[in-house]
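Reviewing the structure listed below.
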Amino acid sequence: MRAETGAVTDALRSDSEELVALLQELVRCHPVYGTPGQQAVMDVAERHLRETGLAVRRFEVDHEALRRSEHYVDVTAFGGEFTTYGDVPRDAVSAWADFPADGPHVVLNGHVDVEFVTSPYSWDRPGLWSSGLAADGRVYGRGTCDMLGGVACYLYVLRKMAPLFDRARGAVTVQIVLDEEIGGNGTLAQLLEPRGKPVDVALIAEPSDLTVCEQTRGFHQFAIHYTGEPVHMVFAQPFDNANRALPALIGALEELDAWVADQAGSRTARRYVMYGDVRGGSDAAVPAESVELRVTLALPPQVGVDEVMRRLADDLARLSQSWPRSPRIRDYGLRFPGSELSDEPLVEELLAAGRRHGMLLLRDEFPSACDARLFEAFGIPSVVFGPGSLRRAHSSDEWVDVSELVDYCVVLAEALMKTWGVTS
C-alpha cells in the first residue's frame, strides 16, 4: 500500500502537463458573470468528474429557496448587469464517492466564477486574461489564482487518487459553484441541498500562498457622507466645499486601520480598512455639495464590527466639532461575518504532509472573506488552503506558478490519503 500511495504523489509531480492543460481549459472558458463561459466551465468540471468515476449531479439553483435563507445575498442590489440576477438560470455541480468503510466525509469546495477584467490595457498583451498562456513556469489568465487553479488541482488530485478509493474510509464530495465573487449564493445552494452523509470538514482552495488558514475575515461595507454648500466659489467658506473634509475623514480611517491591526494582533502587514471609492463634487468651479467615501472592512472574527463602528462614530464626532456640519455614516453594500470554526485534524494533516515533502507550511488566517462563513453557519468546520496568492488575484497579468500547483497537489493528496486511512 505504501508503494501505491507513493506512486500517487510521484505521478502528481511527473504528470504536471496534464494539470497545466486542465487549468488552461478552465481559464479559456473565461467564466465571468453573465457570459456563456460560466456554463462552459461547468461543462469541463462535470466531464472531468464523471471520467474520474464519481457520481455527479448537475442542478439548477433554486432561487426561491435561496431567498428564504437568512444567508442569501441579494445580488440585484449591486445594480447594473446584476439587476436580473434572480431571473438568470444558475448551475451547480456536486460529485461524490462513498468509500467502503466509515470515516471522515470531506467536502472540496471550489468556485469557478472569476472577476471581470476592468483594465484590459494594463495586461501585458491583448487577450492574455483568457489565454491560459503557459510560459516560464507560469500559467497566465483571469482566475489562475482565484480560484481556477485550486479547482484544477482538486480535479487532478482526485483523478490520480481514484484507484485507491476502494480501500479508503469515509467519503468525498466535490462542490463546483458560481457566485462566490458576488456573495456566495452558489455554495449556499449546495448547503441547502445536502447529501445524506453528514459532512465532517470542508476544504476551500482559495489562494492562500500555501498557508493553512483556520479563520477568515468578514466583509462589511458602509459609506461616510459629508454635506457642503454649493455657493459661488468666491464667497465659499472652507467647509462649504465638502471635499475640505476629506483629509480628516481619511485620517480617521487610517487611524481605525491601525487600531484594528493592534486588536487583531496581526503578524503581517495587512490592511483591514479600505476606502477605495471616493465621490465628491461635479464642477471644479463650485464647492462640492457633498463627498462620500465608500468603505470596506475586512475584520477577523475576534474584532467585532459593532465595536469598530462605535469607535469610528466617536472619532468622527470629535474631529467635526468645529465644522458647520457633521459627517454621517450610512448603510451601503454588503455585510457578512468571518469564520473561525476550523478542523484541527485536517490542519495537522496538511502541515505534516508539507513537512514530509520538505515544505514548511505556515498556519495563519485567510485575510479576506470567502465561503467558509457559510459552512460555519451550517455547523461545518472548514480549512482554507490553496495555491496562488491573493496579491495576484483580480490583478492585471494574473498568474500562478506551475510549481505552486504541483506542491499543492502533493500536499493535498497526502493529507487526504492519511485522512481517509489509505496510508498509515
Side-chain angles (χ1 to χ4, degrees), residues 8 12 18-19 22-23 25-26 29 31 38-61 90-99 103-113 143 146-165 168-180 184 186-206 343 346 350 370-372 374-375 378 380-387 405 408-409 411-413 415-417 419-420 422:
V8 170
L12 291 169
E18 180 185 340
L19 173 59
L22 176 56
L23 177 54
E25 189 175 10
L26 295 172
C29 294
Q38 294 203 327
Q39 292 299 310
V41 78
M42 285 290 188
D43 292 341
V44 174
E46 179 184 9
R47 185 192 75 237
H48 200 92
L49 290 164
R50 290 190 186 280
E51 291 174 352
T52 299
L54 275 66
V56 179
R57 177 174 177 249
R58 182 166 178 170
F59 61 97
E60 185 175 321
V61 171
R90 317 293 291 157
D91 275 8
V93 170
S94 181
W96 62 91
D98 293 332
F99 305 141
H105 179 190
V106 180
V107 165
L108 304 178
N109 173 277
H111 72 86
V112 289
D113 56 314
D146 189 14
M147 61 174 280
L148 298 178
V151 170
C153 289
Y154 284 164
L155 302 178
Y156 180 60
V157 164
L158 291 175
R159 177 69 63 89
K160 299 300 181 184
M161 289 182 62
L164 304 179
F165 286 171
R169 298 194 297 269
V172 62
T173 295
V174 184
Q175 297 174 345
I176 306 296
V177 304
L178 297 172
D179 297 349
E180 190 277 342
T187 291
L188 178 59
Q190 296 271 6
L191 290 166
L192 291 174
E193 295 193 18
R195 232 166 34 86
K197 189 182 286 285
V199 175
D200 295 286
V201 60
L203 179 74
I204 304 175
E206 292 281 3
D343 184 77
L346 182 56
L350 290 166
C370 75
D371 286 353
L374 292 167
F375 285 100
F378 282 74
I380 300 170
S382 62
V383 178
V384 178
F385 174 64
L405 298 171
Y408 177 76
C409 287
V411 171
L412 176 62
L416 290 177
M417 287 189 290
T419 296
W420 291 327
V422 177

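None of the values given here were measured: they were computed from a predicted structure. This chain uses plain numbering: 1 for the first residue, then up along the sequence.
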Inset, instruction - Could you walk me through whether Leu203 and Leu412 pass the side-chain contact (heavy atoms from CB on, under 4.5 Å) test, one step at a time? - result: CA-CA 10 Å; Leu203 179 74; Leu412 176 62; 3.3 Å; yes

Legend entry - Contact check, side chains of His111 and Thr187, non-hydrogen atoms, under 4.5 Å: no

Legend entry - Considering all heavy atoms, the nearest Ala202-Ile380 contact: N-CG2, 4.1 Å

Legend entry - Shortest non-hydrogen contact between Asp371 and Val177, atoms and distance: OD2-CG2, 4.4 Å

Legend entry - Distance, nearest 0.5 Å, that separates CD of Glu25 from CG of Asp43: 10.0 Å

Legend entry - Check: Val106 and Thr419 side chains under 4.5 Å, non-hydrogen atoms: yes

Legend entry - Check: Val93 and Val112 side chains under 4.5 Å, non-hydrogen atoms: no

Legend entry - Any donor-acceptor N or O pair under 3.5 Å, side chains His105, Asp98: no

Legend entry - Side chain proximity check, Gln190 to Phe59, heavy atoms < 4.5 angstrom: yes

Inset, instruction - Quick one: pull up CD in Glu46 and CD in Glu51 and give me the separation to the nearest 0.5 Å. - result: 10.5 Å

Legend entry - Ring geometry between Phe99 and Phe165 (parallel below 30°, tilted from 30 to 60°, perpendicular above 60°): tilted

Legend entry - Verdict with supporting geometry, Val8 and Leu164, side-chain contact (heavy atoms from CB on, under 4.5 Å): CA-CA 9 Å; Val8 170; Leu164 304 179; 3.7 Å; yes

Inset, instruction - Specify the closest pair of heavy atoms between Glu180 and Asp113, including all atoms of both residues, with the distance to one decimal. - result: N-OD2, 3.1 Å

Legend entry - Pairwise side-chain contact, Leu155 with Thr52, heavy-atom cut-off 4.5 Å (strictly under): no

Inset, instruction - For the pair Leu188 and Phe378, evaluate side-chain contact (heavy atoms from CB on, under 4.5 Å) and give the outcome as yes or no after the intermediate values. - result: CA-CA 10 Å; Leu188 178 59; Phe378 282 74; 3.9 Å; yes

Legend entry - Exceeds 12 heavy-atom contacts within 6.0 angstrom, atom CZ of Arg57: yes

Inset, instruction - Return the minimal non-hydrogen interatomic distance between Ala372 and Ile204, and the atom names on each side. - result: N-CD1, 3.5 Å

Inset, instruction - Please examine the side chains of Trp96 and Lys197, heavy atoms only from C-beta on, and report whether any two atoms are closer than 4.5 Å. - result: no

Legend entry - Closest approach of Val56 to Ala95 (non-hydrogen atoms, all atoms of both residues): CG2-CB, 3.9 Å

Inset, instruction - Apply side-chain contact (heavy atoms from CB on, under 4.5 Å) to the pair Val151 and Ile176, showing each step before the final yes or no. - result: CA-CA 8 Å; Val151 170; Ile176 306 296; 4.1 Å; yes

Legend entry - Distance-minimising heavy-atom pair for Pro387 and Ala205: CD-O, 4.3 Å

Inset, instruction - Indicate yes or no: at least one non-hydrogen side-chain atom of Leu346 is less than 4.5 angstrom from one of Phe385. - result: no

Legend entry - Heavy-atom donor-acceptor pair, Tyr154 side chain to Gln175 backbone, under 3.5 Å: no

Legend entry - Close side-chain approach of Leu19 and Leu12, heavy atoms under 4.5 Å: no

